[in-house]
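Some notes on the structure that comes next.
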Number of protein chains: 2
Amino acid sequence: MAWKRISDAVIRRLPLYLRVLEEVKSKQSSISSQELGSKAGVTPALVRKDLAWFGEFGKQGVGYDVEFLQDELRKILHLDAPIHMALVGVGSLGRALTRYNRRRFRDDPIFTINLVALFDADPKVVGTTFDGVSIHHITDISRVVAKMDIQMAIVTVPADAAQEVGNLLAEAGVKAILNFAPVSIDLPSDVHVANADLSLELQRLAYYIHG
Amino acid sequence: MAWKRISDAVIRRLPLYLRVLEEVKSKQSSISSQELGSKAGVTPALVRKDLAWFGEFGKQGVGYDVEFLQDELRKILHLDAPIHMALVGVGSLGRALTRYNRRRFRDDPIFTINLVALFDADPKVVGTTFDGVSIHHITDISRVVAKMDIQMAIVTVPADAAQEVGNLLAEAGVKAILNFAPVSIDLPSDVHVANADLSLELQRLAYYIHG
DNA sequence: TAGATTGTTAATCGATTAACAATC
DNA sequence: TAGATTGTTAATCGATTAACAATC
């Protein structure tokens, strides 16, 4: 197979497959593209095509070995080793996401993304901890990211601070950012920014309330 | 134009256009597809095609009237009248989203989605209020939704309760649901469910950390 | 009028689905 | 072996882009 950048549409489905594999793991040792697809809400042909981008993981007449495929998908998504994550903006949304993430990391053994540092601009909270995680000042992003080997970040700052925080994270070498601020962040193309803009999503949904 | 269901890809961009229009409103009375597109991160041809699904809003040689287009987009998205929304699951994420939404509704005059009712299963919080909004028991969803004319809902309950809560909302006539629980909810096709699954999103992003 | 920009049609691009030979 | 299911190629579908006549 000639080298080609794999599309985001494909990458989005891999965590879904991972979730299905975890669900069936205790009940069966192999799974067909048929079953994996129907549990993930995807056609069997698309499951096979998605997986084929990365290798030949299945066996004709049998299907895919559940544990083997799980391991392979984890490697592809870089989830085979713990990932260190930061969160910038310890307001009410930031605190809620911190709790959510910490609990998930504690309770769910397959969830390996670990929130290890918080950042804020308010001197009153800098130096304290929340849910057991230290809060640093945003001017320390570069130093702390390097020291703690942080690879991902969640941004929950007000709209007018989001771009600047994005710049600081990018300079520090963070390559993947989940942005909850209601503005898009422009960064070099080697930094992947995913927008989780609640108000945009609600406005879109309003289209479907009919009337 | 023969009738055709408008794709979700188109609907997703409309709130983006709305945001750009609000931003330029004080500075100019009209805008070209060129400028609207570049500010929204979309090609000019696509802007024109998206808008053309709903009518002929522009003027050759001039562009689109900012206020007129804003009004039209609001009507299309049903944002021309206030929308009543509920939130189910008053845990830490639910409370954070409640605050976020209430503040947005208070401070931003173009944000017309109003969170008017909270629901939870815990008798200890039922009957109290949070951020000025009453918390009802989930068995009262049907009654309260009807009485308060609620059209949308946010779901922030644990995974194992999400489907049941979805059922209750659908039975009560809610047609649009934003689901934060880490499971998909199956509902009749006239109910639109958008998934905002944080852990899925983080696992996807991990692909891009390289290494 | 001359210049600008729309709405729309045709061309292109990319993603999904169907089909099937290979093979466990 | 017979049945099942993969990996892959070709066909289809849908979304985006390019081009341009119409017209403000």
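Proteins get letters first, then strands, A, B, ... in listed order; numbering begins at 1 in each.
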Report the distance from atom [atom1] of [X] to atom [atom2] of [N], rounded to the nearest whole Å.
X: B:F54; N: C:dT8; atom1: CZ; atom2: P; answer: 14 Å
X: A:L69; N: D:dT6; atom1: CG; atom2: C1'; answer: 13 Å
X: A:F57; N: D:dT8; atom1: CZ; atom2: P; answer: 11 Å
X: A:E56; N: D:dT5; atom1: CD; atom2: C1'; answer: 14 Å
X: A:F68; N: D:dT6; atom1: CZ; atom2: C1'; answer: 14 Å

request  = Check the pair A:R13 / A:D50 against salt bridge (charged side-chain N to carboxylate O under 4.0 Å, His left out), numbers first and verdict last.
outcome  = CA-CA 8 Å; A:R13 287 187 290 266; A:D50 284 346; 2.6 Å; yes

request  = Scan side-chain atoms only and decide if B:R104 and A:S199 contain a donor-acceptor pair under the 3.5 Å cut-off.
outcome  =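 A pair is found: one side chain offers a donor N or O, the other an acceptor, under 3.5 Å apart.
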
query = Would A:Q151 and A:K175 count as having a side-chain donor-acceptor pair, cut-off 3.5 Å?
reply =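 Per modelled atom types, A:Q151 and A:K175 side chains form no pair under 3.5 Å.
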
message = Looking at every heavy atom in both B:N167 and B:L187, which two are closest together, and how far apart are they?
response =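 The answer is OD1-CD2, 3.5 Å.
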
task = Would you mind checking if B:K75 and B:E72 are paired as a salt bridge, meaning a charged N to carboxylate O distance below 4.0 Å?
result =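 Salt bridge flag = yes for B:K75 with B:E72.
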
message = Salt bridge or not between B:R19 and B:E23? Use side-chain N to carboxylate O under 4.0 Å.
response =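 So B:R19 does not pair with B:E23 through a salt bridge.
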
task = Could you check which nucleotide pairs with C:dT9 in any of the strands shown, counting Watson-Crick or G-U wobble with both distances under 3.5 Å?
result =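 For C:dT9, the partner nucleotide comes out as D:dA18, under the 3.5 Å rule.
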
query = So what's D:dC24 paired with, Watson-Crick or G-U wobble, going by both distances under 3.5 Å?
reply =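 Because both required distances fall under 3.5 Å, D:dC24 counts as paired with C:dG3.
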
Test item: A:N179 side-chain N/O and A:A194 main-chain N/O as donor-acceptor pair under 3.5 Å =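 Checking the backbone N and O of A:A194 against the side chain of A:N179, no donor-acceptor pair under 3.5 Å is found.
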
query = Do the side chain of B:D197 and the main chain of B:L200 share a donor and acceptor less than 3.5 angstrom apart?
reply =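 Side chain of B:D197 to backbone of B:L200, a donor-acceptor pair under 3.5 Å: yes, one is there.
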
task = Check the pair A:D107 / A:R103 against salt bridge (charged side-chain N to carboxylate O under 4.0 Å, His left out), numbers first and verdict last.
result = CA-CA 6 Å; A:D107 299 349; A:R103 181 168 46 225; 5.2 Å; no

request  = Give a yes/no on whether any side-chain N or O of B:Y64 is located under 4.0 angstrom from OP1 or OP2 of C:dG7.
outcome  =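 Yes, within the criterion.
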
note = Expected string for nucleotides 15-24 of chain C under the B/S/- scheme (protein heavy atoms, under 4.0 Å, primed atoms plus P, OP1, OP2 as sugar-phosphate) is SBBBB--BBB

message = Is any side-chain heavy atom of B:L93 closer than 4.5 Å to one of A:R99?
response =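 Side-chain contact under 4.5 Å: no.
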
query = Tell me, which of residues 28-35 of chain A have any heavy atom that sits under 4.0 Å from an atom in DNA chain D?
reply =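 Only A:S32, A:S33 qualify.
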
task = Name every residue in residues 16-27 of chain B that has at least one heavy atom under 4.0 Å from any atom of DNA chain D, in order of residue number, or write none if there are no such residues.
result =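 Nothing qualifies; none.
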
inquiry  = Parallel, tilted or perpendicular, judged at 30° and 60°: which one describes the rings of A:H192 and B:Y208?
reply    =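 Geometry flag for B:Y208 against A:H192: parallel rings.
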
